[in-house]
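Read the structure below first, then the notes.
Excluded from the calculations below are hydrogen atoms, water molecules and symmetry mates; all remaining heavy atoms, backbone and side chain alike, are included. Only a predicted model underlies this, so the values are computations on that prediction, with no experimental measurement involved.
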Amino acid sequence: MSAQDRTLDHYQELMTINATSHVLRTGRELGLFDALLEGQKTLEVLAERTGLPESRLLLLLRPLTSVGIIEKYAEDYAISSVARLLCQYDADLGDAVWKNASAALKSESQSSVDTDVPQSRFDSIAATQWVHTPAAMQAAEILDFGPTPAEDGSEEGEGTVLSSEESEPQTLLDLGCGSAVWSCAAAHRDPQLRVTLVDHPGALEAAMATANSIELGDRFQSIEGDALTAELPEGQFDHVLIAQRLNSYSPDQIRLMLQRATSAVKPGGRVIVIDSFEGPNRPSLAESIEALRIGIETEGGAVPELKEAQERMKDVGLESIQFTFIAASRVGLGLMTGIKP
């Protein structure tokens, strides 16, 4: 393929992306999605609901079907699973955020610890956090949550796992838990793990619903309050998890969160941070969009470079800092751990 052909293909791709977003908005504005959320409908019924001639409605339905927003079964049209998610969590396709992009980018960022992150940002993360389930399961494996191997030198598969009577259950504090997808994955992998959740009432309700949906709720308890200010036990947890949270905060708030996490973990315990990080490779479109969204929705938040994130961990007294990207993440999330001496 020639350079000119690649340029033309790239141009067409960009124009198609833009056109698709407008097609989605047109369907929403005409009430097409609302009609299909009620159930499957024929072209004739949809034409009546939208007030469009059937021939004109078909022009809209075809691209929506091509991108998987609408599905066609014989003479009926139905809304797809992905469209149901859009209607449930992002009915405006994110317009409430992006319409303020120009003004937000022109404003000067603030770094004060008193700068509040809009609760709507954390609510949005909590509402859609379950899409990270495969990444959360992989993270739990990377972090080696699970039964403790015996120390008698026996081979795997020959009784190498200690029973609950022989080992103390590990404890995890999920600080700013959202819907607790990440800590639920850890608890699913480790049948003894005890989890304490910290967040606002709405997030705690979603978190407990997540835990109960996989029959883990009896090992979860909660502390209601803001992750930055809620009173926490000191030195009581084997692990403290901060997932999809730090990048929304100012530098002062990040330091405060890491100090709180370090205070809550036992000596020898781990502080675990799961979030977006700026690595050595060129970021994907999804990663770049997420970094831009953080810049728009928050005043002091940002995606940190790996070195900066490591230095933050060291500055609060953590040692043996380790990092890995989570391959199963669709948005380039990674995890960083530090040990409290």
Checklist entry - Roughly how far, to the nearest 0.5 Å, is the CD atom of E168 from the CZ atom of R194? => result 11.0 Å

Item to check | Heavy-atom side-chain contact between T196 and L232 under 4.5 Å | outcome: no

Next on the checklist: Check whether T133 reaches the backbone of W130 with its side chain - one donor and one acceptor, N or O, closer than 3.5 Å.
Outcome noted: yes

Checklist outcome for this item: For F325, the ring pair (Phe, Tyr, Trp, His ring centres under 6.0 Å) test, sequence neighbours excluded, returns F323

Checklist entry - Can you tell me if CD on Q322 sees more than 12 non-hydrogen neighbours from other groups inside 6.0 Å? => result no

Checklist entry - How about R330: does its CZ atom have over 12 heavy atoms from other parts shown lying under 6.0 Å from it? => result no

Item to check | Gap between atom CG of N247 and atom CD of E278 - 0.5 Å precision | outcome: 11.0 Å

Checklist outcome for this item: Quick note, side-chain hydrogen bond (donor to acceptor under 3.5 Å, both in side chains) partners involving residues 31-48, not counting sequence neighbours, are E38-K41, E38-R49, Q40-D76

Next on the checklist: Strictly distance-based, threshold 3.5 Å: is any side-chain N or O of R270 a donor or acceptor partner for the main-chain N or O of L143?
Outcome noted: yes

Checklist entry - Do F277 and V273 have side-chain heavy atoms sitting under 4.5 Å apart? => result yes

Item to check | Note, I289 side chain near V331 side chain (heavy atom, < 4.5 Å) | outcome: no

Item to check | Under 3.5 Å donor-acceptor, D92 side chain and A96 backbone | outcome: yes

Next on the checklist: Suppose we screen for ring pair (Phe, Tyr, Trp, His ring centres under 6.0 Å). Which residues come up paired with Y77, at least two apart in sequence or across chains?
Outcome noted: none

Next on the checklist: If you compare all heavy atoms of Q129 against all heavy atoms of C177, which two are closest, and at what distance to 0.1 Å?
Outcome noted: OE1-O, 3.5 Å

Checklist entry - Out of curiosity, does L37 fall in the hydrophobic cluster containing L24 (side-chain heavy atoms, cut-off under 4.5 Å, transitive links)? => result yes

Next on the checklist: Testing the basics here: between A261 and I242, what is the closest heavy-atom pair and its distance to 0.1 Å?
Outcome noted: CB-CD1, 3.9 Å

Checklist entry - Going by an N to O cut-off under 4.0 Å, is there a salt bridge joining R312 and E308? => result yes

Item to check | Any pair counted as ring pair (Phe, Tyr, Trp, His ring centres under 6.0 Å), so long as it reaches residues 52-72, sequence neighbours left out | outcome: none

Checklist entry - Does the N212 side chain pair with the main chain of M208, one donor and one acceptor, at a distance under 3.5 Å? => result yes

Next on the checklist: Does this structure show an ion pair linking E234 with K340, if we count only N-O contacts that are shorter than 4.0 Å?
Outcome noted: no

Item to check | Non-hydrogen side-chain atoms of V265 and Q236 separated by less than 4.5 Å | outcome: no

Next on the checklist: We want to know whether Q192 and Q170 form a side-chain donor-acceptor pair, criterion being a heavy-atom distance below 3.5 angstrom.
Outcome noted: no

Item to check | Minimum-distance pair of heavy atoms, taken over all atoms of I274 and W182 | outcome: CD1-CE3, 3.5 Å

Item to check | Flag side-chain contact, heavy atom, 4.5 Å: V195 against L173 | outcome: no

Item to check | Expected output: side-chain N18 to main-chain L14 donor-acceptor under 3.5 Å | outcome: no

Next on the checklist: I need the minimum non-hydrogen distance between A180 and L197, along with the two atoms involved.
Outcome noted: CB-CD2, 4.0 Å

Checklist entry - Honestly curious: do V303 and Y249 fall in one hydrophobic cluster under the side-chain, below-4.5 Å linking rule? => result no

Checklist entry - Within the side chain of S179, is there an N or O that forms a donor-acceptor pair under 3.5 Å with the backbone of A206? => result no

Checklist entry - Does atom NE2 of H188 have more than 12 heavy-atom neighbours, drawn from other residues, nucleotides or ligands, at distances under 6.0 Å? => result no

Next on the checklist: Distance check, rounded to the nearest 0.5 Å: L193 atom CG versus F220 atom CZ?
Outcome noted: 7.0 Å

Checklist entry - Are any side-chain N or O atoms of R260 and backbone N or O atoms of R255, one a donor and one an acceptor, separated by less than 3.5 Å? => result no

Checklist entry - So which heavy atom on G338 is nearest to which on I321, and how close? => result CA-CD1, 3.8 Å

Item to check | Minimum-distance pair of heavy atoms, taken over all atoms of A185 and A140 | outcome: O-CB, 3.8 Å

Item to check | Distance-only donor-acceptor check, side chains S120 and D123, under 3.5 Å | outcome: no

Next on the checklist: Can you tell me how far apart CG (L30) and CG (L46) are? Round to the nearest 0.5 Å.
Outcome noted: 11.0 Å

Checklist entry - What's the verdict on salt bridge (Lys or Arg N to Asp or Glu O under 4.0 Å) for E287 and R293, showing C-alpha distance, side-chain angles and the deciding distance? => result CA-CA 10 Å; E287 293 165 357; R293 182 163 185 160; over 6 Å; no

Next on the checklist: Run F145 and H239 through ring pair (Phe, Tyr, Trp, His ring centres under 6.0 Å) and show every step you take.
Outcome noted: CA-CA 10 Å; F145 281 107; H239 316 274; 4.8 Å; yes

Checklist entry - Are the side chain of K266 and the backbone of G268 linked by a donor-acceptor contact shorter than 3.5 Å? => result no

Item to check | Evaluation steps, side chain to side chain contact (heavy atoms under 4.5 Å, CB included), between L306 and M336 | outcome: CA-CA 9 Å; L306 287 176; M336 186 171 288; 4.3 Å; yes

Next on the checklist: Using modelled atom types and a 3.5 Å cut-off, is there a donor and acceptor pairing between side-chain atoms of T7 and backbone atoms of A3?
Outcome noted: yes

Next on the checklist: Determine whether L318 and T262 satisfy the following criterion, side chain to side chain contact (heavy atoms under 4.5 Å, CB included), listing intermediate values before the conclusion.
Outcome noted: CA-CA 7 Å; L318 297 170; T262 304; 3.8 Å; yes

Checklist entry - Hey, does the side chain of D238 reach the backbone of T171 with a donor-acceptor pair shorter than 3.5 angstrom? => result yes

Item to check | From I142 atom CD1 to T324 atom OG1, the distance as rounded to the nearest 0.5 Å | outcome: 5.0 Å

Item to check | E71 and Y73 side chains, donor-acceptor separation under 3.5 Å | outcome: yes

Checklist entry - Between V198 and E231, does a side chain to side chain contact (heavy atoms under 4.5 Å, CB included) hold up when you go through it step by step? => result CA-CA 10 Å; V198 181; E231 186 174 346; over 6 Å; no

Checklist entry - Going through the distances and angles, do I296 and W98 end up as a side chain to side chain contact (heavy atoms under 4.5 Å, CB included)? => result CA-CA 8 Å; I296 291 170; W98 297 111; 3.3 Å; yes

Item to check | Summary of salt bridge (charged side-chain N to carboxylate O under 4.0 Å, His left out) pairs that have at least one residue in residues 195-223, sequence neighbours excluded | outcome: D199-R245

Next on the checklist: Once rounded to the nearest 0.5 Å, what's the spacing between atom CG of L8 and atom CD of E13?
Outcome noted: 13.0 Å

Checklist entry - Would a hydrophobic clustering, with Ile, Leu, Val, Met, Phe, Trp and Tyr connected at side-chain separations under 4.5 Å, put L43 with V23? => result yes

Checklist entry - Under 4.5 Å between side-chain heavy atoms, hopping through other hydrophobics if needed: is there a path connecting I272 to I339? => result no

Ignoring hydrogens and angles, write down the donor-acceptor pairs under 3.5 Å from the side chains of residues 55-70, residues two or more places apart or on other chains.
from: T65; atom 1: OG1; to: L61; atom 2: O; distance (Å): 2.8
from: S66; atom 1: OG; to: R62; atom 2: O; distance (Å): 3.0

Checklist entry - Taking the side chain as C-beta and beyond, is there a heavy-atom pair between R189 and M137 under 4.5 Å? => result no

Item to check | Sub-4.5 Å side-chain heavy-atom contact between T337 and V271 | outcome: no

Checklist entry - So, do Y11 and T16 sit near enough that their side-chain heavy atoms are less than 4.5 Å apart? => result no

Checklist entry - Can L105 be reached from I294 by stepping across I, L, V, M, F, W or Y side chains whose heavy atoms are under 4.5 Å apart? => result no

